[in-house]
Asks: 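One structure coming up, written as C-alpha cells, with questions to follow.
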Number of protein chains: 2
Amino acid sequence: MGSVQDRKKRQLAEREQIFLDRAWSMIQREGLLNLQMARLASECEYSVGTLYQHFSAKEDLLVALATRSVGSRLELYRRAADWQGPTRHRMLAILLADILFAQKEPEYFRLAQYVSTHTVWMSASEERREAALLASVPIADAVASVVREGVSRGDVDPRGMSERELCSGLWSMSEGMHMLVSAAGLLEAHSVPRPYQLLVTNTHALLNGLGWQPLQPLDDPEQQNALLEQIMTEVFPDFSMATCPVVSPTDSE
Amino acid sequence: MGSVQDRKKRQLAEREQIFLDRAWSMIQREGLLNLQMARLASECEYSVGTLYQHFSAKEDLLVALATRSVGSRLELYRRAADWQGPTRHRMLAILLADILFAQKEPEYFRLAQYVSTHTVWMSASEERREAALLASVPIADAVASVVREGVSRGDVDPRGMSERELCSGLWSMSEGMHMLVSAAGLLEAHSVPRPYQLLVTNTHALLNGLGWQPLQPLDDPEQQNALLEQIMTEVFPDFSMATCPVVSPTDSE
DNA sequence: CGCCAATTATGAATCAGATTCAAAAAACGT
DNA sequence: ACGTTTTTTGAATCTGATTCATAATTGGCG
C-alpha cells in the first residue's frame, strides 16, 4: 500500500523541522533581520530550491516558525490553567505565563509581532496562515477552561458574555503591553517604568471591574507581591524569581 | 546673515513634505508592500539620490510617515480631552477617538504597527526614532490632562499611580485590540465578533475596577450605547454613527 | 557679468538577497 | 536493467534598495 508515500511524507516533515530548527537558531544568533534563505539552505546542507519546496516565501517560513513556537508557550499556559488555585489567581497565573515567556524568549516575541503585521501576514501562504490560527486555539482553550470554571463556580458573572469574550480584555491588554515594551524607547519616553508590574496592576483592576472574586485591593503592593510570589513558587518554580520582571525587588533582607 | 541658509532649510523641509505626501498617497493607493523608493522619487520628479538625501533608508521614511500622521490623530484626541463632560466619559471619548481613527485610516494603523516592529524600528535612523517618540508626547499629554482632572475632581483615586500609569491599561488594551483586529482571521478563529464593542465593554470594566466615577453597569448595553451615541453626537458629529463600529445597530426604526 | 569653489542633484551602476526553473540526479516500479 | 516519474540542484534571473562618480546648480566675489 501507500507505505512508500508515507515514508516520503515523513521524511519531508522531518526535513521541514530541520529547516525550522536551524532557522530559529540562526534568528536567535543573528536576529530576524539577518536570516537569509540561501544561507539557511546551505547551513542545512540542502539547496535553495529544496528549501522553497517547503516554504512558498520567506514570510511563509516565518509564520511557520511563529506557529511552531506556540508549543512551548502552550506548556506554560497549561500549567497556569491546570494549577489548583482560585480561578481568579489562575487568570493571573496565565498572565504571568505570558510575561515569563516573553522574558525567556524575547526573540520569539519579536517574531510573533513581526509576523502578525498585515504586510508580513499577507505574504505568507493561505495554508500557513490557517495553520497558525489553528495552533493558537489550544492556548485560547486553556484560558477558556479557567473562565468556564470561574463562571460555573460563581467567581464571576458572565453577564451574557462568552468565555472568549470574558478574557478578551486580558488578552488584548497583555498583547498591547508586549507591543509597547518591544518598541524600544517608547515607554521610557512616556516615563512608564516597570511595564509588566503595571500590567499586573491593570489586570487586577480589570478583573475587579468584571467582579471576579476574590477582589484584590489595588493599593496594596505587599499583597499583590505575595500573591505573585506564591504563584511563582507553586506554578513556575523553574523560573528564577530574581529575573522575574514582575515581582518587585522590594525589601526582603 | 543666515537668510540663504534659512531659505535652503525651508526648501529642504518643503521637499521632504512633498516626498511624504506622495509616499502616503501611494501607500493608500497601492498598499505598504508596493511602495518603491525609485517610483516615489520619479513620481515626485526628483532623482533617487535626492530622496536618499532626506531618508537614510526606506524604513526611515516609513517612520517619518508614521510620525507625521500623528497630527491628525492628535486632533481627535484633543477634541475628546477638551470636551466638557465627566472625566470618565472623556476617557471613553478618547478611546472612541482611537477607534474612529483606526476605522477612518486603516492604512495608517498598518503602517504604525509595521513601524513599531523591532525589525523595522531599528532600521530607521536614531534621529527619526527620537522624533517619532517625541511626536507621541502631545497625545499622551492630552490623555494625561483628563486623568489629572479626574484625580483632582476626586473621580478617581490614583492610589499612588502617576497620570501616565493610570491610563496605561487603557493604552495597552486599545493598542492590543487594534493589533488583534489587524491580524486577519485571528479574532474570527477565536469567535470574537465585534471586537471594538468588546473593547468598550472591557474599558468600562477596567475603569470600574479603578473606581473611576461614575461607575457603569456592565450588563446594560442600552445604557452603554446611549452614552456612546451621546459622545458621537457631541464630540464627533462629523463621523457617521452608521459606520461607527462600536455603536451597535440595535433596534431604532 | 564671468569665474571659481562649494554645495546639491542625478541616475546608471552596484549590491543584496529572494525566487525561479531548466537540467541533472535519484527513486520508483516493472 | 530500463524507462518513467519525482525530487534536487544551484546558476541564472529578478526585484528593488542603496551608492557614488559625475554633472549641474548655487552662492560669493572681483
Side-chain angles (χ1 to χ4, degrees), chain A residues 1-16 18-20 22-23 26-27 30-65 114-115 117 119-125 128, chain B residues 1-20 22-23 26-27 30-65 114-115 119-125 128:
Chain A
M1 51 223 59
S3 77
V4 169
Q5 295 301 313
D6 284 358
R7 175 173 53 76
K8 283 197 179 181
K9 203 156 283 180
R10 191 157 17 88
Q11 287 177 334
L12 214 69
E14 270 169 31
R15 195 169 60 189
E16 187 150 318
I18 291 175
F19 280 134
L20 291 172
R22 188 57 66 108
M26 285 173 75
I27 286 180
E30 308 165 48
L32 202 49
L33 211 57
N34 299 306
L35 182 71
Q36 283 164 235
M37 296 301 264
R39 205 139 63 75
L40 172 58
S42 88
E43 284 209 17
C44 294
E45 302 182 288
Y46 283 102
S47 71
V48 198
T50 304
L51 179 54
Y52 273 88
Q53 213 117 54
H54 290 269
F55 308 102
S56 71
K58 190 180 175 175
E59 287 78 12
D60 201 57
L61 182 145
L62 293 180
V63 172
L65 259 187
Y114 186 61
V115 148
T117 271
T119 312
V120 175
W121 183 250
M122 287 310 179
S123 307
S125 68
R128 203 62 80 173
Chain B
M1 52 225 58
S3 76
V4 170
Q5 295 301 313
D6 284 358
R7 175 175 51 77
K8 282 198 179 179
K9 203 156 284 180
R10 190 159 16 87
Q11 288 178 334
L12 214 68
E14 270 169 33
R15 195 170 60 189
E16 186 150 320
Q17 290 310 312
I18 292 176
F19 280 136
L20 290 172
R22 188 58 65 107
M26 285 174 74
I27 286 180
E30 308 163 49
L32 202 49
L33 211 57
N34 299 307
L35 181 71
Q36 283 164 232
M37 296 301 265
R39 204 138 63 76
L40 171 58
S42 88
E43 285 210 16
C44 295
E45 300 182 290
Y46 284 102
S47 70
V48 198
T50 302
L51 179 55
Y52 273 89
Q53 214 118 54
H54 291 268
F55 308 102
S56 71
K58 189 179 175 178
E59 286 79 13
D60 202 56
L61 182 146
L62 293 180
V63 172
L65 259 186
Y114 186 60
V115 149
T119 311
V120 175
W121 183 249
M122 287 310 178
S123 306
S125 69
R128 203 62 81 174

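The sequence lines fix the lettering, A, B, ..., with proteins before strands; numbering per chain opens at 1.
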Asks: Is B:L33 touching bases, backbone alone, or none of the nucleic acid, heavy atoms closer than 4.0 Å?
Replies: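 The residue B:L33 makes no contact with any strand.
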Asks: Base contacts versus sugar-phosphate-only contacts with protein, heavy atoms under 4.0 Å: please encode nucleotides 3-10 of chain D as B, S and - from 5' to 3'.
Replies: ---SSBBB
Asks: For B:Q53, enumerate each residue passing the side chain to side chain donor-acceptor pair (under 3.5 Å) test, keeping only those at least two apart in sequence or located in another chain.
Replies: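 Here no residue qualifies.
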Asks: Show every donor-acceptor pair shorter than 3.5 Å between a side-chain atom in residues 38-45 of chain B and any protein atom, with sequence neighbours excluded, or say none if there are none.
Replies:
unit_1 : atom_1 : unit_2 : atom_2 : d
B:R39  : NH2    : B:E30  : OE1    : 2.8
B:S42  : OG     : B:R39  : O      : 3.3
B:E43  : OE1    : B:R22  : NH1    : 3.4

Asks: Which residues pass the side-chain contact (heavy atoms from CB on, under 4.5 Å) test with B:E59, sequence neighbours left out?
Replies: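 Only B:A57, B:V120, B:S123 meet the side-chain contact (heavy atoms from CB on, under 4.5 Å) criterion with B:E59.
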Asks: Sequence neighbours excluded, which residues qualify as ring-ring contact (aromatic ring centres under 6.0 Å, His included) partners of B:Y46?
Replies: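 If we apply the ring-ring contact (aromatic ring centres under 6.0 Å, His included) test to B:Y46, skipping adjacent residues, the hits are B:F19.
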Asks: With sequence neighbours left out, what residues match A:S56 under side chain to side chain donor-acceptor pair (under 3.5 Å)?
Replies: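 Side chain to side chain donor-acceptor pair (under 3.5 Å) check on A:S56 returns nothing, list empty.
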Asks: Nearest of D:dT18, C:dT19, C:dG17 to any side-chain atom of A:Q36?
Replies: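 Among the listed nucleotides, the one closest to the side chain of A:Q36 is C:dG17.
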Asks: A:A41 near the nucleic acid: base, sugar-phosphate alone, or nothing, with a heavy-atom cut-off under 4.0 Å?
Replies: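 Contact class for A:A41: none.
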Asks: Can you find a side chain N or O atom of A:R7 that sits less than 4.0 Å from OP1 or OP2 on C:dC28?
Replies: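 So the side chain of A:R7 is within the cut-off, an N or O lying under 4.0 Å from OP1 or OP2 of C:dC28.
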Asks: What is the distance from CG of B:L51 to C1' of C:dA9, rounded to the nearest Å?
Replies: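 These atoms are roughly 12 Å apart.
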Asks: Tell me what B:L61 touches on the nucleic acid: a base, only sugar-phosphate, or nothing, going by heavy atoms under 4.0 Å.
Replies: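 It contacts nothing in the nucleic acid.
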Asks: If you assign A:S56 and A:N34 each to the DNA chain C nucleotide with the nearest heavy atom, which residue ends up on the more 5' nucleotide?
Replies: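 Final value for this comparison: A:N34.
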Asks: Whole angstrom is fine here: how far is it from CD in A:E59 over to C1' in C:dA18?
Replies: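 Going from CD in A:E59 over to C1' in C:dA18 covers 9 Å.
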